[in-house]
Amino acid sequence: MADGFIRWYRESGATSVFDAQAELFASHGIGLVHPAHGTAVVLDVEGESVPMRREELGRLLGLRIASITMNWWFSADVDVVDEYAYEPLGCEIQTLWLDGLTTEQSDTVEAAVVAAATGLPTPTRAVIVDRQGASDPGDWDAAVLYEGEAPSVFPDRLLVSAPLAETVLSARPDLRREEAGRGMTLLSLPRPL
């Protein structure tokens, strides 16, 4: 079993929403700048921390030329690793890893991502919340990017756009459905009796 994660698929907008996302995450207590070092932190291919000015990180993300792995911070020693990638199909994907976080910190990351997904102007295709790591983040690519079938392993929650909601519900009619606004539907497993 893998580590828990939240994977956010959204359309590539004409302009990056990175600054607005950073502000929204900060309102949830998750900062982009390391509290002690005063810089953003990206991870190199060896997994080593590389300090970077926030403006430079925003510029690189806005260019959409390469995948970048970076950290968000709860405190100087509690971080959330975020893999930021671009697909040629006009989609941006962020995978935030929940390993090492408390339940409350994972709740906060989920709330921040859902708030961004439903509040930022760039349309969201899907948010996959798999806290236990029952699936692999890439398992959802076929369904979200290529209109394929959803994986058989269902995560904790899905926040999906209307067409994908219908695809998932046709395979899993037992799921609970809740409208989340902006054409998004929250799907979850039924509560045990």
Side-chain angles (χ1 to χ4, degrees), residues 1-10 17-44 46-52 54 57-58 61 67-85 92-120 124-141 144 151 153-160 175-176 178 180-181 184-193:
M1 182 166 29
D3 291 322
F5 65 89
I6 298 174
R7 189 161 170 106
W8 179 18
Y9 297 85
R10 65 177 175 269
V17 296
F18 177 68
D19 286 334
Q21 178 188 347
E23 288 177 23
L24 200 145
F25 274 35
S27 73
H28 284 81
I30 307 168
L32 179 62
V33 173
H34 187 280
H37 303 310
T39 62
V41 176
V42 297
L43 302 177
D44 66 16
E46 304 291 331
E48 298 297 321
S49 297
V50 178
M52 181 176 286
R54 176 187 168 151
L57 177 57
L61 289 170
S67 298
I68 295 177
T69 302
M70 60 190 191
N71 288 341
W72 296 92
W73 301 93
F74 278 103
S75 67
D77 57 350
V78 178
D79 63 61
V80 180
V81 175
D82 182 357
E83 296 172 357
Y84 208 107
E92 299 175 6
I93 303 170
Q94 279 185 265
T95 305
L96 295 102
W97 294 97
L98 304 176
D99 54 306
L101 299 181
T102 66
T103 300
E104 293 78 21
Q105 290 164 336
S106 294
D107 289 345
T108 300
V109 174
E110 181 178 347
V113 172
V114 169
T118 57
L120 295 177
T124 291
R125 292 185 187 187
V127 174
I128 307 340
V129 179
D130 188 343
R131 291 190 180 206
Q132 307 306 313
S135 63
D136 183 78
D139 291 351
W140 289 93
D141 289 354
V144 177
V153 175
F154 194 81
D156 298 294
R157 277 172 292 293
L158 285 177
L159 178 68
V160 292
L175 296 175
R176 291 180 46 220
E178 179 183 329
M184 302 295 293
T185 303
L186 182 64
L187 302 175
S188 58
L189 294 169
R191 290 188 178 131
L193 298 174

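No hydrogens, no waters, no symmetry mates; every other heavy atom, side chains included, goes into these values. Along the sequence shown, residues are numbered consecutively beginning with 1.
- Between F18 and G58 the shortest heavy-atom distance is CD2-CA, 3.6 Å.
- The shortest distance between side-chain heavy atoms of Y84 and T69 does not fall below 4.5 Å.
- Atoms CZ and CG, on R157 and L187 in that order, are 11.5 Å from each other to the nearest 0.5 Å.
- How far CG of L159 is from CD1 of I6: 11.0 Å, rounded to the nearest 0.5 Å.
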V17 vs R10, side-chain contact (heavy atoms from CB on, under 4.5 Å): CA-CA, chis, key distance, verdict: CA-CA 11 Å; V17 296; R10 65 177 175 269; 3.9 Å; yes
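- For the pairing with Q105, the side chain to side chain contact (heavy atoms under 4.5 Å, CB included) check across D107, T103, T102, V109 returns one residue only, T102.
- Distance check: D82 CG to M70 CE gives 4.0 Å after rounding to the nearest 0.5 Å.
- Nearest heavy atom pair, residue R125 against residue V144, reads NH1-O, 3.7 Å.
- Looking at R7 and D139, no side-chain N of the basic residue comes within less than 4.0 Å of a carboxylate O on the acidic one, giving no salt bridge.
- With rounding to the nearest 0.5 Å, the separation of OG1 in T95 from OH in Y9 is 7.0 Å.
- Expressed to the nearest 0.5 Å, how far CG of L61 lies from CD of Q21 amounts to 9.0 Å.
- Of all non-hydrogen atoms in S75 and P35, the two that sit nearest each other are C-CG, 3.7 Å.
- Contact detail for A116 and W8: the closest heavy-atom pair is CB-CH2, 3.5 Å.
- Of all heavy-atom pairs spanning R54 and L32, the tightest one is CG-CD2, 3.6 Å.
- One distance of note links CG of L98 with CZ of F5; it measures 9.0 Å at 0.5 Å rounding.
- Distance alone, capped at 3.5 Å, is enough to place a donor-acceptor pair between the H34 side chain and the A76 backbone.
- Pairing each heavy atom of A126 with each of I128, the nearest pair is CB-CD1, 3.9 Å.
- Side-chain contact between L101 and F74 is present, with at least one heavy-atom pair separated by less than 4.5 Å.
- Relative ring orientation between F154 and W140 is described as perpendicular, the plane-to-plane angle rising above 60° on a 0-90° scale split at 30° and 60°.
- Listed by chain and number, the residues in a side-chain contact (heavy atoms from CB on, under 4.5 Å) with N71 are V41, L43, W73, D79, V81 (sequence neighbours excluded).
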Working for side-chain hydrogen bond (donor to acceptor under 3.5 Å, both in side chains), residues W97 and D3: CA-CA 7 Å; W97 294 97; D3 291 322; over 6 Å; no
